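Worth saying up front: this structure is predicted, and the values here are computed from it rather than measured.
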Amino acid sequence: FLVPGAAGFKEFNFRAAYAGIAPVLLLSLPAGASYFGTTELIEMALASPAPYMTDWFFVTSIPHSLVAGAGASVISWAVRTPAEVLKSRAQAFGTSPWQEAKRLIQMQGATSLYRGYGATLARAVPFDATRQSLFEELSLLIGDATSRGVVAGGGGGPAEDAGG
């Protein structure tokens with residue numbers, strides 16, 4: 001089928017449209033796995049404090065979620081940043097990410113793969129921490145509403161409570 005382009009209509013090329021899917025998957029899967037794995041580890045560690053820790057931080061789940069989201073963001077972006085740098089440079093210079101990695105490491109060293117990591121964290125950590133906290137709180141809210149029968153499909157309604 002035809003799609004509009006800069007010089008008029010042209011035929012849509014499915015192969016070209018999905019040419020970058022493999023690098024995106026290679027980038028997204030490890031970053032996502034590291035995010036969710038780190039989130040769970042941090043939340044488990046914070047959920048079982050030492051007996052003397054009765055501070056509000058260990059009573060409510062919101063601070064746990066904020067800390068877990070922030071920590072997971074740092075780890076996830078440590079995994080994602082080199083691939084993002086290579087992808088951006090490959091697009092800018094018209095090379096493959098592998099060629100760009102070789103050239104960049106030879107010329108500037110391996111730490112150049114983390115160029116922009118600090119700026120990325122300055123944007124991503126507050127967002128990811130807030131998103132994680134909202135996700136956890138909404139999950140609890142929806143789960144509570146479902147268990148009370150407020151949300152469709154949830155059990156616990158009057159008929160079930162009465163044994164019916």
Side-chain angles (χ1 to χ4, degrees), residues 14-148 150-154:
F14 283 98
R15 186 174 186 174
Y18 292 99
I21 195 139
V24 168
L25 289 176
L26 286 172
L27 165 69
S28 298
L29 292 176
S34 66
Y35 180 86
F36 291 111
T38 304
T39 300
E40 291 301 317
L41 287 174
I42 292 172
E43 285 185 348
M44 286 185 336
L46 293 175
S48 56
Y52 61 86
M53 295 181 176
T54 57
D55 192 60
W56 69 270
F57 183 86
F58 295 102
V59 176
T60 180
S61 66
I62 293 174
H64 293 183
S65 300
L66 287 170
V67 170
S73 182
V74 171
I75 301 300
S76 174
W77 281 102
V79 171
R80 182 181 295 251
T81 297
E84 288 285 348
V85 167
L86 293 175
K87 180 185 76 164
S88 297
R89 292 181 62 92
Q91 288 172 343
F93 298 120
T95 61
S96 77
W98 310 117
Q99 291 170 328
E100 201 53 42
K102 182 178 177 184
R103 186 168 73 90
L104 190 61
I105 291 170
Q106 284 176 347
M107 292 175 62
Q108 299 176 14
T111 57
S112 62
L113 295 174
Y114 284 92
R115 183 167 291 137
Y117 181 62
T120 299
L121 289 182
R123 176 202 58 85
V125 168
F127 174 79
D128 289 340
T130 303
R131 180 185 60 185
Q132 183 65 28
S133 184
L134 284 171
F135 172 78
E136 293 292 335
E137 291 304 309
L138 288 173
S139 295
L140 291 172
L141 183 68
I142 291 169
D144 185 46
T146 302
S147 68
R148 289 184 292 125
V150 176
V151 177

**Selection residues 83-117 - residue pairs positive for ring-ring contact (aromatic ring centres under 6.0 Å, His included), sequence neighbours left out** =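 Sorted result for residues 83-117: Tyr114-Tyr117.
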**Message:** Rounded at 0.5 Å granularity, tell me how far CG in Leu113 sits from CG in Leu104.
**Reply:**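 Going from the CG atom of Leu113 to the CG atom of Leu104 covers 5.5 Å.
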**Message:** Within this structure, what is the CZ-OG distance for the pair Arg103 and Ser112, rounded to the nearest 0.5 Å?
**Reply:**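 Separation between the atoms: 10.0 Å.
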**Item:** Counterpart residues, side-chain contact (heavy atoms from CB on, under 4.5 Å), relative to Glu40 (two or more places apart)
**Value:**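 Applying side-chain contact (heavy atoms from CB on, under 4.5 Å) to Glu40 gives Glu43.
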**Asked** Can you name the residues that form a side-chain contact (heavy atoms from CB on, under 4.5 Å) with Thr130, not counting sequence neighbours?
**Response**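 By the side-chain contact (heavy atoms from CB on, under 4.5 Å) rule, Thr130 matches Leu134.
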Atom of [X], atom of [Y] and distance for their closest heavy-atom approach:
X: Tyr35; Y: Ala72; value: O-CB, 3.3 Å
X: Gln132; Y: Ser65; value: CG-O, 3.5 Å
X: Leu121; Y: Pro126; value: O-CD, 3.8 Å
X: Ile62; Y: Ser133; value: CG2-OG, 3.6 Å
X: Ser96; Y: Ala90; value: C-CB, 3.8 Å

Could you tabulate the donor-acceptor pairs under 3.5 Å formed by side-chain atoms of residues 21-31, not counting sequence neighbours?
residue, atom, partner, partner atom, Å
Ser28, OG, Val24, O, 3.0

**Message:** Just to verify, which of Thr38, Val125, Thr120 counts as forming a side-chain contact (heavy atoms from CB on, under 4.5 Å) with Ser73?
**Reply:**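 The residue from Thr38, Val125, Thr120 that satisfies side-chain contact (heavy atoms from CB on, under 4.5 Å) with Ser73 turns out to be Val125.
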**Contacts of type salt bridge (Lys or Arg N to Asp or Glu O under 4.0 Å), residue Arg89, not counting sequence neighbours** =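 Salt bridge (Lys or Arg N to Asp or Glu O under 4.0 Å) check on Arg89 returns Glu100.
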List the atom pairs, with distances to 0.1 Å, where a side-chain N or O of residues 79-86 and a protein N or O form a donor-acceptor pair under 3.5 Å, not counting sequence neighbours.
residue, atom, partner, partner atom, Å
Thr81, OG1, Trp77, O, 2.6
Glu84, OE1, Lys87, NZ, 3.3

